**Student:** 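Here it is, the structure in full.
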Amino acid sequence: MACQQPEVTPSPPIILVTLDTTRADRLGCYGYQSAKTPNIDKLAERGTRFEHAIAPVPLTIPSHSTIHTGLRPPRHGVRDNGDQRLSAEAFTLAERLQQQGWRTHATVGAYVTRSEWGFGQGFDRYDQDFGIPTDRLSWRVERPAEEVIDDALNGWRSGSNFLWVHLFDAHAPYDKAPDTVSLADASEAQRYDAEIAHMDKELGRLLSELPDDALIIVVGDHGEAFGDGGESQHGLLLTDSVLQVPFIIAGPTIPVSTRPEPVSLADILPTIAGRLGWAPLEDIDGVDLFADPSTEPNRPGIYSESHYGTHHFGWAPLSAVTTPTGRLIHGQRDHLEGEVSTEARTWLNEVQSAHPAWQTEVTTLSPSEIEQLQALGYVGVSTPSATQTSDLMDPHDGITLIQQMAAIRTQQPSEQIKNLQTLIQTAPQMRDAHFRLALLFASRGRLNEAIASATTAFQSAPDSTSAILLANLWSQAGVPQEGLSWAREAMHRNPASTAAMAAEVTALVHVGALDEAAASAEVALTATPDNGPVLVSRGLLALALGEPVEEWTEAITDLALSRPFEPGNLMTAAALQRESGQLERAQELLRAELKWRPGNVPARLELWKLYEEQNRLVDAVKVLKPLLKLDPYNPQWRLMTAQIYQKMDRPDLAAPFLKEQADPL
């Protein structure tokens with residue numbers, strides 16, 4: 001977007017600090033007696049503290065999209081974590097400042113605030129180095145506050161005068177404890193408080209170096225439920241615990257005050273603009289919190305939403321309006337806390353039906369990224385659903401299903417499969433359950449069942465993420481042409497997705513279309529030269545072409561060992577090591593593959609072949625036993641077992657396997 005502002009001197013320095021997953025009621029300045037947040041408390045004493053700052057969405061990516069644009073989620077189009085990014089058409093705070101001469105610098109603490117989600121727009125420098133190559137990043141990776149603040153200080157000392165500092169420490173898992181108790185003995189609440197105390201301590205190092213004329217904003221992006229409404233963390237419901245966040249502004253033109261009225265995180269951008277003397281900004285949803293109220297549009301309340309249940313389970317979306325007298329949450333049925341005027345109710349309906357300011361940019365997740373999202377506490381695969389209908393479940397009624405899903409994830413794979421099947425009978429619309437079941441079936445070698453579950457997930461809400469999973473599963477099942485069809489379906493749905501590009505290259509290799517695979521791989525590598533799935537697909541192509549593999553072997557092996565949960569990584573690395581003559585390394589990688597996916601038949605057969613070649617006959621028998629339990633009459637596996645016993649000079653043991661019809665083993 002384009003917008004011209006009056007020329008201004010690029011001052012004062014502006015510092016925007018976002019505290020991930022931080023509840024307002026866990027800071028000292030908001031009345032929490034056990035808090036250890038002296039630096040934030042001192043900042044509040046010399047500025048304005050907003051008592052009721054309300055998050056637009058209880059999720060990191062959409063909430064930060066509001067902070068950066070001044071738009072509510074229906075307008076900026078980012079409604080969930082993982083499946084959408086902030087559009088390049090957005091005109092962000094950093095872009096506005098950069099145009100006016102500010103030197104812009106971001107330093108972030110988590111995968112969910114990396115630049116690829118659209119947050120890099122307008123920044124001269126974007127610190128997001130998690131200490132490992134980008135192709136090995138996962139949703140579990142975060143940077144502690146001390147590293148983020150070190151980068152912020154380096155940026156400040158290098159002349160940057162707009163800093164965005166994102167601290168992620170308060171997000172689960174909470175791995176700090178108060179000085180008075182060990183981590184093992186600390187309660188969840190104590191560990192959460194310790195994480196916030198750590199952020200405050202590190203933030204103090206930055207605040208102590210800032211000049212008196214700096215404009216400083218400290219704000220939370222969303223809170224944490226801790227059981228409020230039955231929710232353990234955040235994302236699904238719209239309770240005070242996840243919506244009410246700290247919001248403090250301090251600077252030379254900021255009055256020392258406490259403001260009791262509800263305010264929105266969309267107000268941050270226009271409030272900064274007002275302090276810089278810019279003309280009122282057009283086509284944004286926030287307001288300048290220090291402007292004359294008569295110059296701002298009437299706003300009956302503050303908007304919040306959660307489409308988490310809609311995207312993941314096919315439930316009704318939630319939207320809410322918070323006013324000084326109460327909150328109305330609109331879902332499959334209304335939930336009213338306090339009193340909300342008719343005007344505010346009408347306004348809520350208008351806001352939630354607003355059209356996006358630009359076309360929403362979708363993303364595609366690989367199966368491993370889905371696993372990582374689930375490990376971080378989010379459920380997983382996500383696709384925007386159709387508009388609300390009368391038979392959709394209200395998320396308040398579905399919270400027990402979320403709890404069941406979380407409990408199932410802690411179980412052994414066989415128990416997970418059984419309990420997910422039971423859960424699906426109760427709630428067949430839970431797309432995430434079908435997707436999770438597909439991953440579990442695949443890991444156990446039950447490919448037909450995996451394909452059936454993944455197909456159900458795709459049919460419930462077609463997208464490139466589930467299409468990629470189906471491409472991988474059909475290729476594993478030995479039907480490469482079907483795998484290619486699904487890879488192309490993924491590319492059709494999201495042509496810019498590197499995960500889809502990698503799936504297409506792999507599928508083309510499997511069907512023998514090597515020239516086309518090479519051309520596609522070249523495009524993918526040019527776009528993302530260090531992307532993991534793309535790198536693995538190129539290594540697979542090198543094997544198929546008979547090219548020298550040295551260029552790919554160690555890089556893909558390192559990748560496979562750091563991301564063994566990604567299907568195909570360990571198998572491709574093992575094949576490359578075998579081609580390089582490193583048979584022991586190949587065996588190690590195949591054994592690792594079988595620990596992750598014990599039902600991977602090709603991995604067992606390849607390991608059998610290596611053991612047989614090296615005369616490791618006992619190991620060769622052992623690696624085949626699970627296959628014979630799966631299919632006792634399989635003639636290939638029976639013959640392979642008999643061959644090993646014959647090489648061991650044990651015809652008595654070989655004989656039963658040479659019979660056409662033998663008793664099950």
Side-chain angles (χ1 to χ4, degrees), residues 14-22 55-71 73 76-88 90 92-95 104-132 134 136-152 155 160 162-173 195-196 199 202-203 206 217-224 233-235 245-246 265-266 268-269 361 363 365 369 372-373 375-378 382:
I14 302 170
I15 314 298
L16 171 62
V17 180
T18 57
L19 307 175
D20 212 290
T21 324
T22 302
V57 183
L59 291 168
T60 299
I61 298 175
S63 189
H64 277 86
S65 295
T66 289
I67 291 171
H68 286 296
T69 64
L71 298 176
H76 62 59
V78 182
R79 319 299 281 270
D80 192 24
N81 273 354
D83 65 326
Q84 299 146 343
R85 66 170 67 86
L86 184 61
S87 172
T92 66
L93 172 62
E95 287 177 304
T104 57
H105 181 183
T107 173
V108 301
Y111 183 88
V112 283
T113 45
R114 282 180 57 83
S115 59
E116 53 255 45
W117 302 111
F119 298 138
Q121 302 173 61
F123 283 103
D124 301 321
R125 176 175 168 182
Y126 205 99
D127 285 326
Q128 52 182 352
D129 183 1
F130 290 82
I132 55 178
T134 57
R136 288 170 232 171
L137 285 174
S138 80
W139 292 80
R140 286 174 263 192
V141 173
E142 63 178 272
R143 294 203 301 157
E146 56 267 29
E147 293 184 15
V148 176
I149 296 299
D150 282 346
D151 284 338
S160 297
F162 170 57
L163 299 180
W164 170 37
V165 180
H166 168 251
L167 302 177
F168 194 70
D169 303 67
H171 195 289
E195 295 280 21
I196 293 175
M199 290 194 300
E202 294 302 321
L203 180 58
L206 174 61
I217 303 97
V218 174
V219 65
D221 68 338
H222 60 76
E224 192 80 307
Q233 294 183 15
H234 57 270
V245 295
L265 304 195
I268 292 172
L269 191 158
E361 294 189 10
T363 59
L365 301 178
E369 288 173 319
Q372 295 155 31
L373 258 180
L376 192 60
Y378 304 109
S382 167

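All figures in this text were calculated on a predicted structure; none of them were measured in a lab. Index from 1, following the sequence.
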**Student:** Using side chain to side chain donor-acceptor pair (under 3.5 Å) as the criterion, list what pairs up with Glu224, not counting sequence neighbours.
**Tutor:**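 Once residues adjacent in sequence are excluded, the partners of Glu224 under the side chain to side chain donor-acceptor pair (under 3.5 Å) criterion are Tyr174, His234.
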**Student:** Report yes if the side chains of Val245 and Asp221 come closer than 4.5 Å at any heavy-atom pair, otherwise no.
**Tutor:** no
**Student:** Taking atom OG of Ser63 and atom CG of Leu59, what is their separation to the nearest 0.5 Å?
**Tutor:** 8.5 Å
**Student:** Could you pull out the closest heavy-atom pair between Val165 and Ala152, with the gap in Å?
**Tutor:**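 Answer, listing the atom of Val165 first, then Ala152: CG2-CB, 3.8 Å.
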**Student:** Do Asn81 and Trp117 have side-chain heavy atoms sitting under 4.5 Å apart?
**Tutor:**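 The answer is no; the side chains never approach within 4.5 Å.
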**Student:** When rounded to the nearest 0.5 angstrom, what is the spacing between CD1 in Ile268 and CD1 in Ile67?
**Tutor:**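 Spacing of CD1 (Ile268) from CD1 (Ile67) equals 4.5 Å.
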**Student:** Check the angle between the aromatic planes of Phe123 and Tyr126 and answer parallel, tilted or perpendicular using the 30° and 60° thresholds.
**Tutor:**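 Rings of Phe123 and Tyr126: perpendicular, as their planes differ by over 60°.
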**Student:** Is a side-chain N or O of Asp169 found less than 3.5 angstrom from the main chain of Glu195, in a donor-acceptor match?
**Tutor:** no
**Student:** Start with the C-alpha gap between Arg85 and Val78, add the side-chain angles, then the distance that decides, and say whether side chain to side chain contact (heavy atoms under 4.5 Å, CB included) holds.
**Tutor:** CA-CA 6 Å; Arg85 66 170 67 86; Val78 182; over 6 Å; no
**Student:** Please test Gln128 against Glu116 for side chain to side chain contact (heavy atoms under 4.5 Å, CB included), starting from the C-alpha separation and ending with a verdict.
**Tutor:** CA-CA 11 Å; Gln128 52 182 352; Glu116 53 255 45; 4.2 Å; yes
**Student:** Closest approach of Met199 and Leu167, non-hydrogen atoms and distance?
**Tutor:**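 So the two residues come closest at SD-CB, 3.6 Å.
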**Student:** Among residues at least two apart in sequence or on other chains, which ones pass side chain to side chain contact (heavy atoms under 4.5 Å, CB included) with Glu95?
**Tutor:**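 With neighbours one apart ignored, the set is Phe91, Thr92, Gln121.
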**Student:** Answer yes or no: is there a donor N or O on one side and an acceptor on the other, between the side chain of Thr66 and the main chain of Leu265, under 3.5 Å?
**Tutor:**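 It does not hold such a pair.
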**Student:** Can you tell me how far CG of Leu203 sits from CD1 of Ile15, rounded to the nearest 0.5 angstrom?
**Tutor:**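 CG of Leu203 is found 10.0 Å from CD1 of Ile15.
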**Student:** Sequence neighbours left out, what passes side chain to side chain donor-acceptor pair (under 3.5 Å) with Thr22? Give chain and number order.
**Tutor:** none
**Student:** For residues Val148 and Val108, report the shortest heavy-atom separation together with the two atoms involved.
**Tutor:** CG2-O, 3.7 Å
**Student:** So which heavy atom on Phe168 is nearest to which on Gly109, and how close?
**Tutor:**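 Taking Phe168 first and Gly109 second, the nearest heavy atoms are CB-O, 3.6 Å.
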**Student:** Which atom pair, heavy atoms only, marks the closest approach of His222 to Pro58?
**Tutor:** CB-CA, 3.6 Å
**Student:** With sequence neighbours excluded, what pairs up with Thr69 under the side chain to side chain donor-acceptor pair (under 3.5 Å) test?
**Tutor:**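 For Thr69, no residue satisfies side chain to side chain donor-acceptor pair (under 3.5 Å) once neighbours in sequence are set aside.
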**Student:** Under the rule for side chain to side chain contact (heavy atoms under 4.5 Å, CB included), what residues qualify as partners of Asp127, not counting sequence neighbours?
**Tutor:** His105, Thr107, Arg125, Arg143, Asp151
**Student:** Roughly how far, to the nearest 0.5 Å, is OG1 of Thr21 from NE2 of His171?
**Tutor:** 4.5 Å
**Student:** If you look at every heavy atom in Val112 and Phe119, which pair is closest and at what distance?
**Tutor:** O-CE1, 3.7 Å
**Student:** Between Asp20 and Gly220, is there a donor-acceptor pair closer than 3.5 Å when you use the side chain of the first and the backbone of the second?
**Tutor:** no
**Student:** Please assess Leu93 against Ile14 for the test side chain to side chain contact (heavy atoms under 4.5 Å, CB included), listing each intermediate value before the final yes or no.
**Tutor:** CA-CA 11 Å; Leu93 172 62; Ile14 302 170; 5.8 Å; no
**Student:** What residues form a side chain to side chain donor-acceptor pair (under 3.5 Å) with His68, not counting sequence neighbours?
**Tutor:**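 His68: no side chain to side chain donor-acceptor pair (under 3.5 Å) contacts found.
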**Student:** With a 4.5 Å heavy-atom cut-off, do His76 and Leu86 have their side chains touching?
**Tutor:**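 Yes. Closest side-chain heavy atoms under 4.5 Å.
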**Student:** Ignoring hydrogens and angles, state whether a donor on the side chain of Thr18 or His64 is under 3.5 Å from an acceptor on the partner side chain.
**Tutor:**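 Judged by distance alone, the side chains do pair up.
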**Student:** Go through it in stages, so that I can follow the logic: the residues are His166 and Thr113, the test is side-chain hydrogen bond (donor to acceptor under 3.5 Å, both in side chains), and I'd like the CA-CA distance, side-chain angles, deciding distance and then a yes or no.
**Tutor:** CA-CA 8 Å; His166 168 251; Thr113 45; 2.9 Å; yes
